[in-house]
Amino acid sequence: MGRRKIKKAAKVIGDRRSQVIREVRRDGYQNLLNKYGTKNDVSENYRFVSDEPVADVELTLNYEGNGLFARIIDIPADEAVSSGFTYGISDTDIENFINNSLDELDFEEKAATAIKWSRLYGGALMVMIVDDGGELTDPVNWDGIRGIDELMVFERPLVTPDYASIYQHRPNTGTRSKFGLPEFYDISPVYGMAFRVHESRCLLFKNGILPSSTTRTEYRFFGMPEYERVHKALQETVTSHGNGVKLLDRAVQAVYKIKGLATLLNTDEGENTVIRRLQLIDMAKGIINSIAIDADGEDYDYKTVTFSGVKDIVDSTCNMLSAVTNIPQTKLFGRSPAGENSTGEGDMENFYKFVERIQKINLKNNLRTLVDIILIVGKAKGRYEEIPDYTLKFNPLWSLSEKEQADVDKTRADTEYVKAQTAQVYTDMQALDSSEVRKRLAESGEFTINDVLDEESGDWNDLSEEYSGESEETINTALSAERAGIQERMETDAVIPSGCGVLVIRDGKVLVGERKDSGLLCGPGGHIENSETPEDAAVRETREEFGIYVAELVPVTVLSDMPAEYCPSQIFLCTEFYGEPRAFNNEMENARFESFSEIRKHEMFLPFRMSVEKFLNELNDLHSPPQAQDAEERAQYG
């Protein structure tokens, strides 16, 4: 039986040898000398192999015991809340009320903690203890909010999403769409009883965004712990620094020569003699810093070892760790930038962009929700009559020094001086009038010659050619007449809207509500504030009045022929938005979608009625096939 197996194995080996494909040399693609491009090429064998999942307790131990890792977690979180924010509210009393409320809630510290835990564990949950008459498991009653008592932060290991309550529709529980997200979270604090909370009472913090097909289901609604991404670079950095110190012990190596050492080591007694001799020499060196040796057959010497390149290796590991953490070495290690003409400005700029991304993902929407609640509380307490509009902006993370600010001011002054000289040249050649420059300065405080010339939409070159045979006085008179004609047409034809309106349509129905001041049917709209574009105002008014976020706006028309008490308005069409309409402010109530045939039964706010008429007329002009339910409206409004 044994011989049969041997013969069978030999046959298999022979068959395989006959099937071997010989490698040949292919210039530019394969090189048999250095194995480039062959199966023995090391670079061809690169494969990504994932590490074992890191337990939450290991993350905690690393944060508690590794100071460098703790700085990686803490620095971006502290920077994200350090600069503060503004609301764009002109009333200082309301702004102070918001800031004082946030201070009472210790929002800055709680937000920094939530971002830290999201970076450490992948996510965190901030629970708002809102006084609205409901339980923790109830959706927030926006109309019944009377106060907010506390903010509580829980790291992801203590939070379990309720996978059985995933939203399959657009819930009427807030200002943003929650499709695909859990409605409830179960929280198991270290101290106290476990409890369940509705998602509308929670502010979610997460460390980045993961694909839906992630292999780590516990991170699906949160993000990946920062340790998973940086631990290899962190390990190499810590190891290189530690080994660098240990190498100092090897910098000077003692060499002890014993005559007949090999012969002595052949016997146990001789080996013990050698060991005792070495111990005696080390003891003498440590006590009296001198060594006594036998003049016949013994010698003692030192060999110095150089470590060129060790510093470069340590620096490269620091650079790699700084790259994967997005934290510059000036902050991570407290070291100055190295190299010629190094300032570190590029690294700091990239770092602040990284922090701004954290602000957008974790702070902006969460802070806006909290400010909305605080404003409702302020109105309920009688601090003000109307909830103001606001625009949340984070203060710049990097402020200029006095010298840098002076350089910027000087550059701006030099630019304005050149502009003034250019304007003087155009004025002297009578291409511009001094009143035009004064007008532009009065409007914006600055001017650009090209912009001023663009406003004069007449073709001055063609006009000059037309009057080429006339005197200079005649040409100047013609130019003035042409300029006056343009100005008159601009005043009569060009209408600059100071208001906006939005027709939000879903499934053939338009979004409406009743105005609280008159009861008239109306849609989103309002005045355009300073420094706002019509699009910006339309997005803001839609969010403030109906609690939805506009995804796309299509200009429809400009209402310029309304009575004097109404301002000219730019009308937009919106069919893509996020959230479910909900009127919880002092302007609108009873938000809903209705067909055009239904809104005809109600008395409408005049600008809204005119925008509907214009919209239906535009549809008619485009020859769109009317739906059965809209035919009657077209007949009435068209």
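Residue numbers count from 1 along this sequence. For clarity, every value in this text was computed on a predicted model and none was experimentally measured.
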Which is it for Arg609 and Leu521 under the side chain to side chain contact (heavy atoms under 4.5 Å, CB included) test, yes or no, and what are the steps along the way?
-> CA-CA 9 Å; Arg609 181 174 63 82; Leu521 202 67; over 6 Å; no
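- The aromatic rings of Phe354 and Phe351 sit tilted relative to each other, their planes meeting at an angle between 30° and 60°.
- Annotation: cation-pi geometry satisfied between Arg543 and Tyr390 (NZ/CZ under 6.0 angstrom from ring centroid, within 45° of ring axis).
- Here the side chains of Glu580 and Ile548 are not in contact, with every heavy-atom distance at 4.5 Å or above.
- Partners of Arg515 according to the salt bridge (charged side-chain N to carboxylate O under 4.0 Å, His left out) rule, which considers only residues two or more places apart in sequence or in another chain, are Asp517.
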Applying side-chain hydrogen bond (donor to acceptor under 3.5 Å, both in side chains), run through Tyr549 and Asn365 and close with a yes or a no.
-> CA-CA 12 Å; Tyr549 287 80; Asn365 289 331; 4.9 Å; no
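- Residues meeting the side-chain hydrogen bond (donor to acceptor under 3.5 Å, both in side chains) test with Glu135, sequence neighbours left out: none.
- Judged as a ring pair (Phe, Tyr, Trp, His ring centres under 6.0 Å), and not counting sequence neighbours, the contacts of Phe221 are Tyr163.
- Partners of Lys364 according to the salt bridge (charged side-chain N to carboxylate O under 4.0 Å, His left out) rule, which considers only residues two or more places apart in sequence or in another chain, do not exist here.
- Partners of Glu529 according to the salt bridge (charged side-chain N to carboxylate O under 4.0 Å, His left out) rule, which considers only residues two or more places apart in sequence or in another chain, are Arg540.
- Residues satisfying the ring pair (Phe, Tyr, Trp, His ring centres under 6.0 Å) criterion with Tyr566, sequence neighbours excluded, are Phe605.
- Nearest heavy atom pair, residue Gly223 against residue Lys206, reads N-CB, 4.2 Å.
- Using the six-membered ring where Trp is involved, Tyr185 and Phe222 have ring planes that are tilted, between 30° and 60° apart.
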Steps toward side chain to side chain contact (heavy atoms under 4.5 Å, CB included) verdict (Asp143, Arg582) = CA-CA 10 Å; Asp143 296 327; Arg582 181 180 178 87; 4.3 Å; yes
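- Rounding to the nearest 0.5 angstrom, the gap separating the SG atom in Cys522 from the CD atom in Glu545 is 7.0 Å.
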Starting from the C-alpha separation in whole Å, work towards a yes-or-no answer on side chain to side chain contact (heavy atoms under 4.5 Å, CB included) for Ile505 and Leu511.
-> CA-CA 6 Å; Ile505 296 179; Leu511 176 61; over 6 Å; no
